[in-house]
Amino acid sequence: MNLLHINDLHVNFSTKAGQVRVLSGFCLDIEKGSSICLVGESGCGKTIVALSIMRLLPENAQVSGEIQFKDRDLLILEKEEIRQIRGHEISMIFEQPASCLNPVFTVGDQIAESVRANGLCKKNEARDAAIELMRLTGIPSPKKRFDQYPHEFSGGMLQRVMISIAMASKPALLIADEPTTSLDVTVQAQIVELIKDLITKFGMSLLLITHDLGVAAELCRDVAVMYAGEIVESGCLNEVFRHPKHPYTKALLRAISDDGLRPIKGSVPELTNLPEGCWFHPRCPFAEDQCRLSKPELKNGIRCHLWKKN
Amino acid sequence: MSGRIQTSKMFQKPIVMKPYALELLNFIKGNCRVMVGCGLIFFLFLIAVSAPLIAPNDPIEQHRGHYLQPPSWQYPFGTDDLGRCIFSRLVYGTQISLLISVMVVGVTAIIGTSIGLISGFAGGAVDEVLMRIVDILLAFPGLILALVIAGLLGPGLFNVMLALAIVGWTGYARVVRGCVLAEKEKGFVEATRALGGSKYYIMFRHIMPEVLAPVIVMAALGMGGTILSASALGFLGLGSQPPAPEWGSMLNEGRTFLQLAPYCTIFPGLAIMLTVLAFNFLGDGLRDVMDPWKKKRLEI
């Protein structure tokens, strides 16, 4: 039984320049207690997947397909029902913790607020529950820190606060949108450790969005590599990272190889102006005539005409 | 061992401070203008509340044979052309002026802030309609529009307050809407939405506190402005009707005898000036406190 089942998700944005297809035929399954990672360059539609699940896309987005969460289709739920799911059964943490906290309230207030919103305890107990959460996420001297404002915290500590807020409801699914991108490397490792501990402790599922393959390898069992709004390769993370089959995955992994950086030439195509055939072929070193003409389907977790040859 | 005792002592009594409130208090202490403003306003409210105790005479009683008398012990600020004690009238007039300013500023600030919040947060057609209404109201000079409205409604204290309120909310709405537009794009709004916060919850709990600082400053400055406008309407005969002791109408009544008995106009004029000045001092000082950039500059 899957906790989250995304089938044939399409997202279009209507802009002044016309319809822009940002996600096409996206499919993903997350089992209960498993962790999956979406990787890819910027502008590949990773965050759009997260926002579609939360139904937080801007108003000019058209969404079709289905997103099943615990037998309910999130896309057709009433506004009030989806609001009950947000922050209760699905929580999200963001890239910029500093901007995600309200600067005029103390950190403790904001955690307590999340505790209260979940109706887990009375007003006077919320403070204790919040301090407990702060302790759980490894914030030192939580009683003192409770009454401080966000500007008195460092980036890593703020991310811990965000995680406390997300954990208040003990959600079934945690969506982490680049949780470590704005942090420095030593702090990154601590936050990764913390998330890892929490998901095993509470049996949560994790949907991680990142372009840091190291973080992905540390946290997730499965991986889906995205390119221009599509999955190009998916499967068990160990398998995919050890033996990448799709040329894009290979290029991504080679870009950070031990013997220096090797950037992938070119950039992600504009979504309004996608190439004929395989969308990766202009940047693909192995491209053949077939790749320029017809678009490959996702077969056995690979979207490539040539993977058997290579 | 002794070290341990010390630490336990330190943790026994955690010093809980509300840093911002404390800072505010310190700043008010250090800021001369806010001190003077607060002191004067407190003094005025004291006068208004204890008017019957302070005033030596009845403010509307006409003392026959004591017309246009210069200041004396019996009539500290002299008498007007009908033999009424100017000092007593000024003391009672404080009640009217403060009532008008508190009511008008209170109502306009609440209405303006709500409309600004709704307009900025809803966007689209709602925003468009509300802001065009604001544009229309702002296209008229405020006092003239208030004059027209008060004229149409007929003279009287309540109608003057209504007229000033109809004209006054636009400024708050504009400022608040601008702040909301900036605030609603911030990360914590989306984060709250992702945590399941409803529209109204985000609007009132998260965005409103962010926009209150300019509203408070505007309200403090607006108090002075309102007293001035109310006096102007009173001067033109639209305020509270005789024999009520309204400062503006007192100026008007004394105008005829400006050369003969200048104290009829000087003292009401001074009262208006002092009150407006007090609120302006307070408003200016509060702006310094609440503007983080200015504060930083002061610290340097």
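Order of the sequence lines fixes the chain letters, A, B, ..., with proteins taken first and strands second; residue numbering starts at 1 for each chain.
The minimum heavy-atom distance between B/Glu210 and A/Pro103, with the atom names listed, is OE2-CD, 3.8 Å. The two residues A/His88 and B/Leu195 make their nearest non-hydrogen contact at CD2-O, 4.3 Å.
Both tests hold for B/Arg205 against A/Phe105: distance to the six-membered ring centre under 6.0 Å, angle to the ring axis within 45°.
Here A/Lys79 contributes atom NZ and B/Ser198 contributes atom OG; the two are 11.5 Å apart, rounded to the nearest 0.5 Å. Distance check, rounded to the nearest 0.5 Å: CZ of B/Phe188 to CD of A/Gln96 gives 14.5 Å.
Applying the 6.0 Å contact sphere to CZ of A/Phe202 captures more than 12 heavy atoms from other residues, nucleotides or ligands. Counting non-hydrogen atoms of neighbouring residues, nucleotides and ligands closer than 6.0 angstrom, the NZ atom of B/Lys184 exceeds 12 such neighbours.
Put simply, the side chain of B/Tyr201 does not reach to within 4.5 Å of the side chain of A/Arg83, judged on heavy atoms. At least one side-chain heavy atom of B/Glu190 sits less than 4.5 Å from a side-chain heavy atom of A/Leu51.
Panel note: side chain A/Arg86, backbone B/Ala194; no donor-acceptor pair is recorded below 3.5 Å.
Interface remark: A/Glu113 contributes side-chain atoms only to the contact with chain B (heavy atom separation under 4.5 Å).
For the residue pair A/Gln110 / B/His206, no side-chain donor-acceptor distance below 3.5 Å is found, with atom types taken as modelled.
Chain B forms the most heavy-atom pairs under 4.5 Å with one residue out of A/Ile175, A/Ile82, A/Asn102, A/Val104, and that residue is A/Asn102.
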